[in-house]
Amino acid sequence: MDYFISLIILLSTVQLLQSLYSGYLKLYSWNRDLRHLYGAPSKFVAPHKSFTVLLPARHEENVIAHTIKGIATANYPQELLEIVVVCRRDDPATIAATQHEILELKTLGHHNIRLIIFSDFPINKPHGCNVALRCTRNQVVTLFDAEDQIHPDIFNVVNTIMVREGNRVVQAGVQLMNFDSTWFSIHNVLEYFFWFKSTLYYYAKVGLIPLGGNTVFFERNLLEQLGGWDETCLTEDADIGIRLSVRREQVRVVYEDRYVTKEETPPTVEQFIKQRSRWNQGFLQIFKRGDYLDLPWQQRLIAIYTLTFPLLQALGLVYIPLSIYAILYVKVFTPIALYLCIPGYLLFGHVILSLIALYEFSTAHRLKVGPFDYIALILTFIPYQILLGVSAIRGAWREISGNTVWEKTEHVNAHR
Amino acid sequence: MHEKVAELIRKNQILFSLIAIALALSSYNMFGYPMFHGDEGIYSQQAYSVANLSRLSYYTYFYDHPPIGWIQIALWFKLTGQYTFGEIINSTRVLMLLIHLISLVLLFSIILISTKNKTCAALGGIIYAASPFSIFYGRIGLLDNIMIVWLLAAIYFLINCQGRLLYVLASGTCFGIAVLSKEVALPLLPAFLYGIWVYVPNRRKFAYACWLFPSLSLISCYFLFALLKGELFPDGNSTSLVGSILWQSSRKGGLPWVENSDFMRVAKDWLAKDAFLIMAGSAATLYNLLRHQNRFVGLNALLSVLTISRGNQVFDFYIASIYPLLAINIAVALKPLFSRTYALVGTFLVGFILAVLYLELEAHHYVFKADVNVIQRQAVAWVRNNLPADSSIVIDDKIWPALQVPKRGQSYRNAHSHWKVARDPDIFQDFLRDDWRNIDYIVADQAMVDNFKADKSSSFQDSAGSAIRSIAVEAFLNSIEVAYFETPNADAKHSLSILKVNSSGRLE
């Protein structure tokens, strides 16, 4: 029993530290006003940079037309904007939908959209992006997901930052919107809210940044020096971020609620678990590869924490029932029992943060959130943690068993 | 390194001068005056138990106060070695000195941030450091002194936050520790809710969460602790947190305006000790409450006064948690007089206040000379020379450390506080078997003798609410004085009697 208690104390300590640290990251941008560092410019300079937009799409016939139209009609000169939809030959539906939309936009005077079709392997997003990268020319390369709804001024924002501040990489905000689609959507939405509105600032400051999967802008020559995206990695976005950090490349994070790229949460629990286990597995792949070992010790520690976070989540799934059992049924010295309760307190603290974040999110995006949504958030908080834990275990298991097949997430246009 | 220290001192000359003054005033004769307090003995005993026995109290912990206060004393014991300064009660006093100096730094910083005026901050610091209250109560090992340093830290972090949530979080954490050090900090919570509103105008929701979460979580740990021990609610047999709260709130002392109420009595005592601080502090608090920019500090002082004015029992040392807040209020309220327009008035005022402080200290000059604790040392020496180690002795709490866990010499394991003899079944039932004849000696100061004679404090109530006379009182009524010790100083008169209980009964 002594071993059991020691184990529980150890797990509690890990959970406690992890919970405090993630709370700190969630609150980072609210801790003090960082708008002068990470805000968007209030006035735009004249369009100067030319952009290549990569739109990798697979089985996205339901959403791709909307997305293409949104980007094509952005407030940026056509001659400085090149839009490339990337599809694989075995996806005729998306190809047809894309071709149809391209023709339609041509009639409206948009001649800057192309479709690139590839037929080789592997079938995944980084491969599609690398194929398209070789066939394009503009100075700044960015990518969006097939369901993304961008802000019409996003290119002006990035152009102004790159011209004024000279940054070669810019990560702009992404936000899931459909908080009321499924029981877990609300948590997924708030995760993005905290990540892009707060946590990324911290990562940018310490010089270690796992980039997001879209609305990230690279200068072409930098991307080419890096050799494009890693096609064997399931989170090629985070991977490229780590590799940039190793090269001491300063990433400019810009977030303002109005400029975010809007996305949707996975439509089902199954899709969510698949998406999340892919991310978790991708992080573990990067961890195993060890590029971050070239970083100074502080960034290295943060990299290790970030990349092994899935393991901590998996541990959390095991920890909760064990600690409840220990508190209720195992006779321990009262201060120890009290200590075992601290992670529970911190979990409650995270619930409170989520409640406030939901209010902030709904206010920022003028969405109607009722008392029921707040109650639902509280009631589904623990189930969502379980969902994260299950995804983490699944991701770890896939990595251990060497299964690296890219599991695609479905999109149904719930955010529009 | 030396250059850095010199630079630090040069940059903060006023503060370091204040620290030097406070150090001199509060440390000189600190073991000689004032007399060791009963509560000081209790918390030293409990800290000793935490540090050495891993228990919250040598006796049954009955939730009289949250334990964090003496856990901090226990940490100090562990850190410094509990006998470094003599008996453990001396070590507690040294910690109080340190706490007093930290409180001074916080108080100075709070005033400086509030007024952005160094003269105000210096004036507040000197009012605090040179107040007779700092000598009468600041030296004593009271939970109030530990509480106030955390409360001042909570105020400091909040008014210095400039919208930074980590500072708000630190403020909430300090407030939680203040409440767990002594529960009287809790009624000040509304002042902080107001303070957050004022000092964090943006991101208020996050600010409230960041303040309330740590503070309430920490406070709730006290209840959780009782729950985990199965001692939250009274069950008639063991101690309980709720039972103790009910008991504490039943200790009535009369409303402040009632003649002979506790409040009236101690207020007279406070006025005799430091009339300036009480009068000017009260006036300044009322003035600050009317001014938006000073209302937070005003509210803190007001609520701390209201807390002790609610009609419950009031002890003179309760002022320890109030007078630093009054000092802040005086300094903050005087800020307008330290502008160029009123330079002359300001200078005159500083001179006047310094003169008042000097006169007050002069009136209490004996506190730097009189060694009133000599009688305790004499009594302990008498006990050692004349009584066998297994004697059953009823004592006051302040003498417990020197008899039970002395630095040197024989320890008297059967010496117990008269409170425990009256209330703790482990002592009066299991140890003394409910028979006053099992008590051999009583070591009593004048207050204890008066209580025994009045049959007051050593009586307790049974579950039906009727008074039961403590066996210590019975023993007292059947005793004769065998030794008497008195302080030589007429300004600080104290005495201790040793009484032999006239009984043939011996403990088996």
Side-chain angles (χ1 to χ4, degrees), chain A residues 16 19-21 23-36 39 190 193-194 197-198 201-202 323-324 326-364 369 374 378, chain B residues 49-50 53-57 61 63 66-68 71 74-75 157 160-173 176 180 196 199-232 238-239 241:
Chain A
L16 189 154
S19 196
L20 282 176
Y21 187 58
Y24 174 71
L25 295 186
K26 279 182 181 176
L27 278 172
Y28 185 75
S29 75
W30 280 280
N31 182 35
R32 58 191 317 174
D33 200 352
L34 299 170
R35 279 174 57 93
H36 61 290
L190 294 180
F193 190 64
F194 279 123
K197 197 163 181 165
S198 183
Y201 294 165
Y202 172 81
S323 69
I324 292 173
I327 292 165
L328 294 181
Y329 300 109
V330 182
K331 197 144 182 63
V332 289
F333 191 39
T334 313
I336 292 176
L338 211 53
Y339 182 74
L340 297 183
C341 293
I342 297 176
Y345 271 102
L346 293 175
L347 194 72
F348 178 63
H350 280 272
V351 175
I352 296 171
L353 283 186
S354 293
L355 289 171
I356 301 168
L358 178 58
Y359 174 84
E360 296 265 325
F361 163 75
S362 61
T363 313
V369 172
Y374 288 100
I378 297 168
Chain B
S49 305
V50 172
L53 312 172
S54 302
R55 294 176 51 179
L56 288 178
S57 172
Y61 171 54
Y63 298 92
I68 294 297
I71 288 175
L75 287 174
F157 279 119
N160 196 26
C161 72
Q162 296 165 357
R164 289 169 291 189
L165 293 183
L166 276 182
Y167 277 61
V168 180
L169 194 88
S171 170
T173 306
L180 289 186
I196 296 163
Y199 292 104
V200 198
N202 303 315
R203 308 187 285 276
R204 271 190 189 130
K205 287 182 186 64
F206 279 107
Y208 277 111
C210 283
W211 195 89
L212 285 169
F213 176 68
S215 55
L216 297 185
S217 297
L218 281 166
I219 295 165
S220 75
C221 281
Y222 186 37
F223 293 87
L224 185 63
F225 175 79
L227 184 72
L228 289 169
K229 283 188 77 93
E231 294 174 344
L232 184 58
S238 60
T239 58
L241 173 54

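Throughout, protein chains are lettered first and strands after them, A, B, ... in sequence-line order, and every chain is numbered starting at 1.
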Out of curiosity, [X] [atom1] to [Y] [atom2], how far, rounded to the nearest 0.5 Å?
{"X": "S198(A)", "Y": "F206(B)", "atom1": "OG", "atom2": "CZ", "answer": "8.0 Å"}
{"X": "L27(A)", "Y": "R203(B)", "atom1": "CG", "atom2": "CZ", "answer": "10.5 Å"}
{"X": "Y28(A)", "Y": "L166(B)", "atom1": "OH", "atom2": "CG", "answer": "10.0 Å"}

### Query
With a 4.5 angstrom heavy-atom cut-off, which part of I352(A) approaches chain B: side chain, backbone, both or neither?
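It is the side chain, since no backbone atom gets that close.
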
### Residue part contacting chain B, namely of L355(A), when any heavy atom lies under 4.5 Å
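Looking at L355(A), nothing touches chain B.
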
#### Entry: chain B interface, residue from L328(A), T334(A), V332(A) that has the most non-hydrogen pairs under 4.5 Å
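The option with the most such pairs is T334(A).
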
### Query
For the side chain of R164(B) and the backbone of N31(A), is there at least one donor-acceptor N/O pair under 3.5 Å apart?
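Between the backbone of N31(A) and the side chain of R164(B) there is no qualifying donor-acceptor contact (under 3.5 Å).
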
May I have the list of side-chain donor-acceptor pairs in residues 210-220 of chain B shorter than 3.5 Å, sequence neighbours left out?
unit_1	atom_1	unit_2	atom_2	d
W211(B)	NE1	S171(B)	OG	2.9
S215(B)	OG	W211(B)	O	2.8
S215(B)	OG	L212(B)	O	3.1
S217(B)	OG	F213(B)	O	2.6
S220(B)	OG	Y345(A)	OH	2.5
S220(B)	OG	L216(B)	O	3.3
S220(B)	OG	S217(B)	O	2.8

### Query
Which heavy atom in C221(B) sits nearest to a heavy atom in L338(A), and how many Å separate them?
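For C221(B) versus L338(A), the nearest heavy atoms are O-CD1, 3.8 Å.
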
### Task
Please say whether more than 12 non-hydrogen atoms of neighbouring residues, nucleotides or ligands are located less than 6.0 Å from OH in Y21(A).
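Enclosed.
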
### Query
What pairs with E360(A) under side chain to side chain donor-acceptor pair (under 3.5 Å), at least two apart in sequence or on another chain?
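With sequence neighbours excluded, E360(A) shows a side chain to side chain donor-acceptor pair (under 3.5 Å) to no residue whatsoever.
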
